[in-house]
Every structure is written in C-alpha cells, then in structure tokens.
Amino acid sequence: MDTEREHDRWTATERECGYIRARLRLLTTAQGGRLTSICSGYRAHWAFPPDVDQERHDAPLTLEQARTLAPGEDAMVRLHPLVPDLWPQVAVGLRLSMLEGARVVGLADVMETVSPVP
C-alpha cells in the first residue's frame with residue numbers, strides 16, 4: 001500500500017465528509033494487540049461503549065504527524081467513517097475500541113468532531 005497516497009486520498013474527503021479526531025493508543029502485542037505497525041489508510045472496525053451503541057462501525061484512519069504507529073505507541077489520528085449516517089452521536093471524551101475481528105487492538109479517545117463544510 002502506498003501510504004502517502006492513502007493519506008492524501010482520505011484527507012481530500014475531510015472538507016466534504018468531516019472526520020473524527022482522536023488520540024489512538026495501540027495495545028502492545030503482550031496485551032493482545034497487533035504484531036505490526038499501522039499507517040494511514042488502515043481500516044478498522046470501531047466499537048462504542050455498549051450503552052452508546054451495540055454495532056461495530058467501519059472507518060479508515062489517517063495519522064496526523066507520524067508515518068507509522070507501532071504496538072504500544074500513541075498518536076493523533078483522524079477517523080473517516082465510511083457510512084457516517086449509521087454512526088451514533090460521537091462526542092468529545094468518548095472512548096472507542098479499535099477491533100480486528102473480535103480482538104481489541106487499540107483504544108481511541110475522541111478529541112474533536114469536525115463537521116463537513118457545506
């Protein structure tokens with residue numbers, strides 16, 4: 001995957017679609033997380049706290065300042081929901097779980113929601 005191309009692909013949609021800005025911490029491999037790093041364009045499933053929503057939601061992410069994010073590291077990311085109308089209300093302070101299948105591999109704390117610009 002061409003990381004820069006994927007990054008540009010998703011950031012080009014931000015004005016039209018909006019995004020969710022969050023601080024993501026990948027779990028370490030010992031904590032049950034991934035074995036390898038992720039980069040912009042990585043597409044994960046996101047779980048909300050059960051009292052907010054029971055469904056899983058799909059969104060690629062872009063890394064704001066790093067090229068890659070390794071297990072155990074944290075960084076600011078932007079989530080780009082593929083079908084935003086199906087996502088529940090996202091509020092600052094909400095914690096989302098990043099999933100690979102049923103396994104939690106990261107935790108993201110929402111810092112900001114950026115609405116589309118008409």
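Worth knowing before you read on, the calculation uses all heavy atoms, side chains too, and leaves out hydrogens, waters and symmetry mates. Worth saying up front: this structure is predicted, and the values here are computed from it rather than measured.
- Closest non-hydrogen pair, G32 versus V105, comes out as O-CG1, 4.4 Å.
- We find the CG-OG distance between L63 and S40 to be 4.0 Å, quoted to the nearest 0.5 Å.
- Looking at heavy atoms from C-beta onward, L82 lies in side-chain contact with P60 at the 4.5 angstrom threshold.
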Residue pair L107, R95: steps toward the side-chain contact (heavy atoms from CB on, under 4.5 Å) verdict: CA-CA 7 Å; L107 299 169; R95 175 166 279 181; 4.0 Å; yes
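- Distance CE/M76 to OG1/T62: 10.5 Å, rounded to 0.5 Å.
- In terms of modelled atom types and a separation under 3.5 Å, the side chain of T29 and the main chain of R34 share a donor-acceptor contact.
- A side-chain contact (heavy atoms from CB on, under 4.5 Å) with L79 is found for one member of L96, T113, V110, D58 and no other, namely L96.
- Rounding to the nearest 0.5 Å gives a distance of 12.0 Å between CZ of R43 and CG of L61.
- Taking each heavy atom of A108 and W46 in turn, the nearest pair found is CB-CZ3, 3.8 Å.
- Of the residues E73, E4, E6, the one that meets the salt bridge (charged side-chain N to carboxylate O under 4.0 Å, His left out) test with R67 is E4.
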Trace of the side-chain contact (heavy atoms from CB on, under 4.5 Å) decision for L26 with I38: CA-CA 9 Å; L26 292 183; I38 64 170; 4.0 Å; yes
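- When all heavy atoms of A44 and L99 are compared, the closest pair comes out as CB-O, 4.0 Å.
- Of all heavy-atom pairs spanning L86 and H57, the tightest one is O-CE1, 3.0 Å.
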Trace of the side chain to side chain donor-acceptor pair (under 3.5 Å) decision for T28 with Q31: CA-CA 5 Å; T28 64; Q31 293 170 315; 3.2 Å; yes
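- Under the 4.5 Å side-chain criterion, counting only non-hydrogen atoms from C-beta, D74 is not in contact with L24.
- Using a cut-off of 4.0 Å between Lys/Arg side-chain N and Asp/Glu carboxylate O, D109 and R23 are scored as not salt-bridged.
- Looking at E64 and R78, a side-chain N of the basic residue comes within less than 4.0 Å of a carboxylate O on the acidic one, giving a salt bridge.
- Atoms CG and OG1, from D8 and T13 in turn, are 11.5 Å apart once rounded to the nearest 0.5 Å.
- In this structure, W87 and F48 have perpendicular ring planes: the angle between them is above 60°, well past the 30° mark.
- Heavy-atom neighbours of R15 CZ from other residues, nucleotides or ligands within 6.0 Å: at or below the threshold of 12.
- Put simply, V52 and V90 are part of the same group of oily side chains (I, L, V, M, F, W, Y) that touch within less than 4.5 Å, one to the next.
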